[in-house]
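Dumping the structure here so I can ask a few things about it.
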2 protein chains.
Amino acid sequence: MVSKDLLKGTLKTIVLKLLEEKGRMYGYEITKEVERLTEGKVQLTWGALYPTLHKLEADHFITAQEVSIGKRVRKYYTLTESGRSTAKEKVQEFLDFVAIMGQILNPKPSLNLG
Amino acid sequence: MVSKDLLKGTLKTIVLKLLEEKGRMYGYEITKEVERLTEGKVQLTWGALYPTLHKLEADHFITAQEVSIGKRVRKYYTLTESGRSTAKEKVQEFLDFVAIMGQILNPKPSLNLG
DNA sequence: TTTTTATATATAAGTCAATTATATATTATT
DNA sequence: AATAATATATAATTGACTTATATATAAAAA
């Protein structure tokens, strides 16, 4: 389990980055994918995820397409043009944050891209 | 300037780690040292720092020694035994967090220790 | 076949670490 | 003499999150 305090501020980054990679995803799918990627160490809560998706949509970073699966409605989200650039910005912002924390915590952390 | 949302949850870690390294520091000195280390990109606010120092003291992770500098009183803080182990735990917690975020954000970030 | 688990979305109430604002006082610099 | 730097402290507010609650369908297990 990862510290929830540290996770604060990463939700939008995570959502935007996953959408950038997968093209289109629905909320429930995002939580499951994050669980899978982190071997259960990060579990997004619906109480945080859904309002965040709605906010990203209101800010025109993502758009929703409702798809009926039997009688159930699924909301697929896709990045908009500005969402695509925001995704990159957010990831870079996180990399910057890690680099600077490294300067403080001293073990000289850095990120191997690729 | 580093994202304030991302910085959330890192204050105790930063304070404990700096005290571990420097042995003894006072509040104002901590803010200046963090500014110096990050070239001004991280600026701790007193509104967060002082209450945090008081809380760490109440939790017996640090102890205070008041030193008079002229007519001004300076409060030097030192790690206790449990503060020392908590410092290590907190730094490790941060490293774990970064590693897991790397699994999500995919550029495969890792930390070069040393 | 009935019950439970998994799928799927949504919102309201509460928490808590931090920001912002305010207060106070000494010392050094311009 | 005025301003900036040093030094600590607390109160009010913000906001991203957690926890709790609500609703409904589909699949799997009892």
Side-chain angles (χ1 to χ4, degrees), chain A residues 1-16 24-36 40-59 61-62 64-77 90 93-94 97 101, chain B residues 1-16 24-36 40-59 61-62 64-77 90 93-94 97 101:
Chain A
M1 253 315 125
V2 163
S3 157
K4 291 184 178 182
D5 281 337
L6 291 178
L7 241 18
K8 220 159 255 192
T10 62
L11 221 199
K12 279 183 190 170
T13 310
I14 290 171
V15 168
L16 291 173
R24 87 208 268 268
M25 293 180 95
Y26 53 100
Y28 187 81
E29 190 185 10
I30 292 173
T31 66
K32 289 296 149 189
E33 178 65 2
V34 169
E35 262 179 68
R36 191 185 70 74
K41 284 166 200 147
V42 175
Q43 285 181 315
L44 306 186
T45 55
W46 326 303
L49 180 65
Y50 288 114
T52 294
L53 287 170
H54 300 158
K55 186 154 199 314
L56 287 172
E57 196 185 6
D59 292 343
F61 292 139
I62 62 178
Q65 301 93 43
E66 296 199 356
V67 175
S68 292
I69 306 293
K71 278 174 188 169
R72 198 143 58 189
V73 174
R74 211 181 255 174
K75 280 178 87 172
Y76 276 98
Y77 290 97
K90 282 282 184 183
E93 178 185 86
F94 185 78
F97 160 68
M101 282 299 290
Chain B
M1 253 315 123
V2 162
S3 158
K4 291 184 179 184
D5 282 336
L6 291 178
L7 240 17
K8 221 159 254 192
T10 61
L11 221 198
K12 280 182 192 170
T13 311
I14 290 171
V15 169
L16 292 173
R24 87 209 268 268
M25 296 181 91
Y26 54 99
Y28 187 81
E29 190 185 10
I30 293 173
T31 66
K32 290 296 149 188
E33 177 66 2
V34 168
E35 260 179 69
R36 191 185 69 76
K41 282 166 199 147
V42 175
Q43 285 180 314
L44 304 186
T45 54
W46 327 302
L49 180 65
Y50 288 113
T52 294
L53 287 171
H54 300 159
K55 188 156 197 311
L56 287 172
E57 197 186 3
D59 291 343
F61 293 139
I62 63 179
Q65 301 92 43
E66 297 201 356
V67 175
S68 292
I69 306 294
K71 279 175 185 167
R72 199 142 59 189
V73 174
R74 211 181 254 173
K75 280 177 88 173
Y76 277 98
Y77 291 98
K90 281 283 183 183
E93 178 186 88
F94 184 78
F97 160 68
M101 282 300 290

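A, B, ... follow the sequence lines: proteins, then strands. Residue 1 opens every chain.
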Problem set entry | Reported CG-to-CZ distance for the pair B:Leu53 and B:Phe61, which is rounded to 0.5 angstrom | 13.5 Å

Exercise. Given atom CE of B:Met25 and atom P of D:dT8, what is their separation to the nearest angstrom?
Worked result: 11 Å

Exercise. What's the closest nucleotide to the B:Lys75 side chain, out of D:dT18, C:dA10, D:dT8?
Worked result: D:dT8

Seminar exercise, completed: Rounded to whole Å, the CG-C1' distance (B:Leu6 to D:dC17) equals 14 Å

Exercise. Rounded to whole angstrom units, what separation is found between the CG atom of B:Leu56 and the C1' atom of C:dA18?
Worked result: 15 Å

Exercise. How about B:Lys75 and B:Glu66: do any of their side-chain heavy atoms sit closer than 4.5 Å?
Worked result: yes

Exercise. What is the nucleic acid contact for A:Gly47, judged by heavy atoms within less than 4.0 Å: base, sugar-phosphate only, or nothing?
Worked result: base

Exercise. According to the interplanar angle, ranging from 0 to 90°, do the rings of B:Tyr26 and B:Tyr28 count as parallel (below 30°), tilted (30 to 60°) or perpendicular (above 60°)?
Worked result: parallel

Exercise. Which one, D:dA9, D:dT6, C:dT26, comes nearest to the side chain of B:Lys71?
Worked result: C:dT26

For this session: Check the distance between D:dA5's C1' and B:Tyr26's OH and give it to me in whole angstrom.
Result: 11 Å

Exercise. Roughly how many Å is it from CG in B:Leu7 to P in C:dT19, rounded to a whole number?
Worked result: 7 Å

Seminar exercise, completed: Closest to the side chain of A:Lys4, out of D:dT8, D:dT18, C:dT7, is D:dT18

Seminar exercise, completed: Against the side chain of B:Lys8, the closest entry in C:dA18, D:dA9, C:dA10 is C:dA18

Seminar exercise, completed: Out of C:dA10, D:dC17, D:dT6, minimum distance to the side chain of B:Lys32 belongs to D:dT6

Exercise. Passes salt bridge (charged side-chain N to carboxylate O under 4.0 Å, His left out), A:Lys90 versus A:Glu93? Steps please.
Worked result: CA-CA 5 Å; A:Lys90 282 282 184 183; A:Glu93 178 185 86; 3.7 Å; yes

Exercise. When you check the phosphate oxygens OP1 and OP2 of C:dT9, does a side-chain N or O of A:Tyr28 lie under 4.0 Å from one of them?
Worked result: no

For this session: Let me know the distance between CG of A:Leu49 and C1' of C:dT7, rounded to the nearest Å.
Result: 14 Å

Problem set entry | Closest to side chain of A:Tyr50, choosing from C:dA18, C:dT9, D:dA5 | C:dT9

Exercise. Under the 3.5 Å rule, do the base of C:dT27 and the side chain of B:Arg72 count as making a donor-acceptor pair?
Worked result: no

Exercise. Base, sugar-phosphate alone, or nothing: which one does A:Ser68 contact when heavy atoms must sit under 4.0 Å apart?
Worked result: nothing

Exercise. When you match A:Glu29 and A:Asp5 each to their closest nucleotide on DNA chain C, which lands nearer the 5' end?
Worked result: A:Glu29

Exercise. Quick one: CZ on A:Arg24 to CD1 on A:Ile62, what's the gap to the nearest 0.5 Å?
Worked result: 13.5 Å

Problem set entry | Selection from C:dA8, D:dA5, D:dA9 that lies nearest to any side-chain heavy atom of B:Trp46 | D:dA9

Exercise. What is the distance, rounded to the nearest whole Å, between atom CZ of B:Arg74 and atom P of D:dA9?
Worked result: 13 Å

Exercise. Whole-Å distance between C:dT7 C1' and A:Glu33 CD?
Worked result: 16 Å

Exercise. Among D:dA7, C:dA6, D:dT19, which nucleotide sits nearest the side chain of A:Thr45?
Worked result: D:dT19

Exercise. Are OP1 or OP2 of D:dT10 and a side-chain N or O of B:His54 less than 4.0 angstrom apart?
Worked result: yes

Problem set entry | salt bridge (charged side-chain N to carboxylate O under 4.0 Å, His left out) assessment of B:Arg36 paired with B:Glu33 | CA-CA 5 Å; B:Arg36 191 185 69 76; B:Glu33 177 66 2; 3.0 Å; yes

